Amino acid sequence: MIDIARLENEKMKTQLTGLRQAVIQADPMVIVDGRFEKMMTAPITVIEIARQLLESLSAPKN
């Protein structure tokens, strides 16, 4: 059972790393505006930042 949890944890870390890289490519400003530090100190924050980025990209442009 412990091996399954460890493997899932490693898989989650890998997926969050990939998502963080995608966020940086989509919006390089994350590096200078403080969001990058948030993603590094609390990796789960990557999901919230990615969600915000998707919402801003899908918002109608006026």
Side-chain angles (χ1 to χ4, degrees):
M1 185 69 169
I2 294 172
D3 287 336
I4 293 171
R6 185 180 57 79
L7 290 173
E8 285 298 314
N9 190 24
E10 289 300 318
K11 184 178 176 183
M12 179 68 72
K13 286 180 182 180
T14 300
Q15 294 295 323
L16 286 173
T17 298
L19 183 56
R20 182 184 317 115
Q21 291 171 352
V23 166
I24 292 168
Q25 287 178 355
D27 185 5
M29 287 301 295
V30 300
I31 295 174
V32 296
D33 66 9
R35 292 180 288 170
F36 181 76
E37 288 80 11
K38 289 180 183 177
M39 290 190 291
M40 295 305 292
T41 57
I44 199 72
T45 307
V46 175
I47 296 170
E48 178 64 20
I49 292 171
R51 184 189 61 78
Q52 291 170 356
L53 179 61
L54 286 170
E55 285 176 350
S56 71
L57 292 175
S58 65
K61 310 249 184 209
N62 291 332

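Being a predicted model, the structure only gives us computed values, none of them experimental.
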Name the atoms and distances for all side-chain donor-acceptor pairs under 3.5 Å in residues 13-32, with sequence neighbours left out.
from : atom 1 : to  : atom 2 : distance (Å)
T14  : OG1    : E10 : O      : 3.0
T17  : OG1    : K13 : O      : 2.9
D27  : OD1    : M29 : N      : 3.3
D27  : OD2    : R35 : NH1    : 3.4
D27  : OD2    : R35 : NH2    : 2.7

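- A distance of 6.5 Å separates CD1 of I49 from NZ of K38, quoted to the nearest 0.5 Å.
- Not counting sequence neighbours, the partners of E48 by the side-chain contact (heavy atoms from CB on, under 4.5 Å) test are R51, Q52.
- Residues meeting the salt bridge (charged side-chain N to carboxylate O under 4.0 Å, His left out) test with E8, sequence neighbours left out: none.
- Residues M40 and I44 are members of one and the same hydrophobic cluster, defined by side-chain heavy-atom contacts under 4.5 angstrom among Ile, Leu, Val, Met, Phe, Trp and Tyr.
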